[in-house]
Structures are given as C-alpha cells and as structure tokens.
Number of protein chains: 2
Amino acid sequence: MFSKACEYGIRACIYIATQSLSDKRVSLKEIAKEIDSPEPFTAKILQELVKNKIVDSVKGPSGGFMISPSNISTIMLRDIVFSIDGDSIYKGCGLGMKECSEICPCPIHNQFKIIKNGIKEMLDTTNLHQLTYGLQNGMTFLKIEKNEFRD
Amino acid sequence: MFSKACEYGIRACIYIATQSLSDKRVSLKEIAKEIDSPEPFTAKILQELVKNKIVDSVKGPSGGFMISPSNISTIMLRDIVFSIDGDSIYKGCGLGMKECSEICPCPIHNQFKIIKNGIKEMLDTTNLHQLTYGLQNGMTFLKIEKNEFRD
DNA sequence: TATTTAAAGGATAAAAAAGTCTTTTATTAT
DNA sequence: ATAATAAAAGACTTTTTTATCCTTTAAATA
C-alpha cells in the first residue's frame with residue numbers, strides 16, 4: 001500500500017506528535033529507536049517532511065523535531081502520504097493504463113473506484129491527533145511491538 | 001496497489017480470456033502487443049500463471065496461451081493477484097509493523113481494516129468473466145488506449 | 001567566541017523490482 | 001525424421017527503492 005519510506009514517515013509523525021503534546025522535542029536517534037526504523041533513512045524522510053512544513057526542526061544542542069500542537073489536529077494522513085508517496089495511491093489506474101478514465105475505463109475501473117474512494121476518504125479525514133490518541137499514557141511503538149499493552 | 005508484474009498479469013489474463021471465449025489460442029507476442037507490455041517480462045509472468053494453473057500453455061507451432069472457458073467464471077481476481085504479489089495487499093499492517101493485530105493494533109489499524117476488507121471483498125468476488133464482459137465485440141486493450149471506443 | 005550538538009545535504013552502497021537475452025525443450029507440420 | 005515454431009528456463013542487466021556514510025551548516029551553552 002504505502003512505500004517503506006511512507007510507513008516510517010507516518011510512524012515518525014505519530015511519535016513526534018505524541019511527544020510534542022508533552023512539549024518535548026525529539027532527536028532523530030530517539031525517533032528511529034522508538035519507531036524501529038533505520039536512522040539515516042529516517043533522516044531523509046524527516047528532511048522531506050520538514051520541507052513540506054509538516055514537521056519543524058531545530059539544529060544544535062537540545063534541538064530536534066517537533067510538530068506544533070495547534071497543527072496536530074489539522075495535519076491529515078493525506079498530507080504525510082502525499083509528501084512522500086505522492087497521490088499515486090488514489091489516483092492512477094489499477095491496471096496501470098494511461099488512458100483509463102470515467103469515459104474510457106479499464107476492465108477493473110469500477111471495482112477500483114470504490115476502493116480508491118475509500119482510501120481517499122480515509123486519508124482525507126484522518127488527522128494526526130486521532131492517530132496519537134490512545135498512545136499518550138506512555139504507550140509507544142516499541143511497547144506495542146513488544147506487546148507490553150496486551151491484556 | 002499492485003506491482004507492475006501483477007498489472008501485466010491481470011491484463012494478460014483478461015486478454016487471453018476474451019480470445020479463449022472465441023476458441024483462439026494466443027501467443028506471447030500477440031499478448032504483449034495487445035496489452036502493451038514488455039515481451040520477455042510478460043513471458044516470466046505467464047510462466048508463473050501457468051505454474052499456478054490459471055493459464056494453460058501449449059508449445060510449438062500454433063501453440064500459445066489459453067484459459068479454458070469453463071474456468072473463466074471461476075477464476076477470481078484474487079487468484080491472479082495472489083499468484084504474483086502474494087497476499088500482502090490485504091494482509092499485513094498498514095504501517096509495516098510486525099506485531100500489529102486486533103489485540104495489539106497499530107495507530108491506523110482500524111482505519112485500514114475497512115480498506116483492506118474492501119480490497120479483499122473485491123478480489124474475492126470479481127471473476128475473470130466479469131472483467132472480459134464488454135470487451136468481446138472486438139474491444140481490446142490497445143483500442144481502449146487509443147480511445148477507439150470513445151463516443 | 002569556541003566548542004559541542006544535532007539536523008541538512010550530498011555522494012555512495014545494497015537490495016529489490018523490472019526488464020532483457022540466450023539456450024533448451026516440447027509440439028506441430030512438412 | 002526433420003525443420004520450424006513457440007513456450008520454459010535460467011543467467012544477466014537496468015532501474016528504482018531502501019539504506020548508509022561523510023561533510024557542512026546552524027544553534028545552544030560554557
């Protein structure tokens with residue numbers, strides 16, 4: 001569905017957001033450790049997110065990444081995905097045909113339209129705040145992976 | 001959504017099916033030309049589909065590929081996709097996390113569940129016959145691409 | 001102001017996906 | 001039988017994605 005880069009990007013945003021809600025700036029190292037991603041690759045992705053004004057960064061000691069809390073509920077999943085993977089996920093033909101359109105549909109056009117509309121709807125209506133919700137009581141990605149929160 | 005290989009695979013199956021309905025066997029060359037795909041790469045994909053019993057092949061003069069008409073309405077999109085891309089499209093976590101599950105969901109688990117169920121539903125219920133329908137009056141992929149059927 | 005810290009930038013490397021080429025094998029028709 | 005045809009098989013190349021490394025730039029603080 002998403003590229004690896006995009007998966008890391010979303011995970012990073014969610015982690016940064018949870019920490020920013022507690023007014024904590026986080027370093028690349030901390031992010032990569034927490035979301036279990038390769039550090040230098042994560043750096044590249046964060047650069048892109050900073051360029052696209054989704055994440056803020058500060059250099060130097062006590063620097064790091066953050067997302068202004070007032071933006072956390074206006075940043076949509078779409079914004080993150082679009083920054084990294086573009087719009088190919090809900091645009092473009094399911095069979096990769098250039099001329100596919102409503103007027104000139106490929107054989108699976110109608111079946112796909114439903115799916116793609118669903119994806120678009122989800123990306124357009126899910127915001128970062130929703131995604132951080134439930135993670136705020138010290139629940140983090142690594143802890144999810146280690147099943148610390150299973151009953 | 002699908003890999004390039006899978007897109008070609010689906011397109012090839014649809015074309016082979018339309019021709020098989022007229023009792024015509026088709027060669028690799030004809031398929032690749034018709035669905036606008038690289039010939040040697042298409043060969044690889046067809047080999048895989050033959051191994052998975054979705055397509056039949058005959059070597060030698062007047063040989064080629066075909067799909068037994070009695071199978072055309074029982075072969076599901078799922079079967080083709082599964083042969084080439086596996087089940088990653090509707091299994092696996094949207095954020096690529098190993099431990100993601102109903103009990104231990106990733107932050108976008110619930111949003112994704114809806115999408116993945118939709119994809120699974122579509123793949124499981126769409127058969128090859130449905131996809132060939134409307135293509136049988138001489139309508140082919142290339143003609144779609146060239147818009148010969150626009151009004 | 002010098003030093004340390006941490007992100008930015010750019011070049012490089014490894015892995016995976018996409019695509020190509022050549023040889024072998026099976027089938028048909030002469 | 002033999003020649004011609006077309007798929008199967010396997011090695012190989014290119015491109016894209018993923019990942020790494022090293023140098024530069026900016027900010028904080030001692």
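Not counting sequence neighbours, the partners of A:F2 by the ring pair (Phe, Tyr, Trp, His ring centres under 6.0 Å) test are B:F112. For B:D124, the salt bridge (charged side-chain N to carboxylate O under 4.0 Å, His left out) test picks out B:R78, B:K120, with sequence neighbours left out. Residues forming a side-chain contact (heavy atoms from CB on, under 4.5 Å) with A:K59 (at least two apart in sequence, or on another chain): none. By the salt bridge (charged side-chain N to carboxylate O under 4.0 Å, His left out) test, B:K4 is found to be paired with B:E7, residues two or more places apart in sequence or in another chain being considered. Under the side-chain contact (heavy atoms from CB on, under 4.5 Å) criterion, B:S62 pairs with no residue, sequence neighbours left out. In this structure A:K113 satisfies the salt bridge (charged side-chain N to carboxylate O under 4.0 Å, His left out) test together with A:E102, sequence neighbours excluded.
In this structure the side chain of B:L131 reaches within 4.5 angstrom of the side chain of A:Q111, judged on heavy atoms.
Screening residues 47-79 of chain A for ring-ring contact (aromatic ring centres under 6.0 Å, His included) gives no qualifying pairs among residues at least two apart or on separate chains.
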Please list, one pair per line, the donor and acceptor atoms closer than 3.5 Å that link side chains of residues 84-96 of chain A to other protein atoms, with sequence neighbours excluded.
unit_1	atom_1	unit_2	atom_2	d
A:D85	OD1	A:S3	OG	2.6
A:D85	OD2	A:S3	N	3.0
A:D85	OD2	A:S3	OG	3.4

Table please: side-chain donor-acceptor pairs of residues 39-57 of chain B below 3.5 Å, with sequence neighbours left out.
unit_1	atom_1	unit_2	atom_2	d
B:T42	OG1	B:S37	OG	2.6
B:T42	OG1	B:P38	O	2.6
B:N52	ND2	B:E48	O	2.8

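Proximity of residues 40-52 of chain A to DNA chain D (heavy atom under 4.0 angstrom from any strand atom) is restricted to A:P40, A:F41, A:K44.
Rounded to whole Å, the distance from CG on A:L28 to C1' on D:dC22 is 15 Å. Rounded to an integer number of Å, the gap from A:R11 CZ to D:dT18 P is 13 Å. The interatomic distance linking B:D56 (CG) with D:dA7 (P) rounds to 13 Å, in whole Å.
Between chain B and DNA chain C, the heavy-atom contact criterion of under 4.0 Å yields a 5' to 3' nucleotide range of C:dA18 to C:dT28.
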Report summary line: Once base and sugar-phosphate atoms are separated, protein heavy atoms under 4.0 Å mark nucleotides 23-30 of chain D, 5' to 3', with B, S and - as --BBBB--
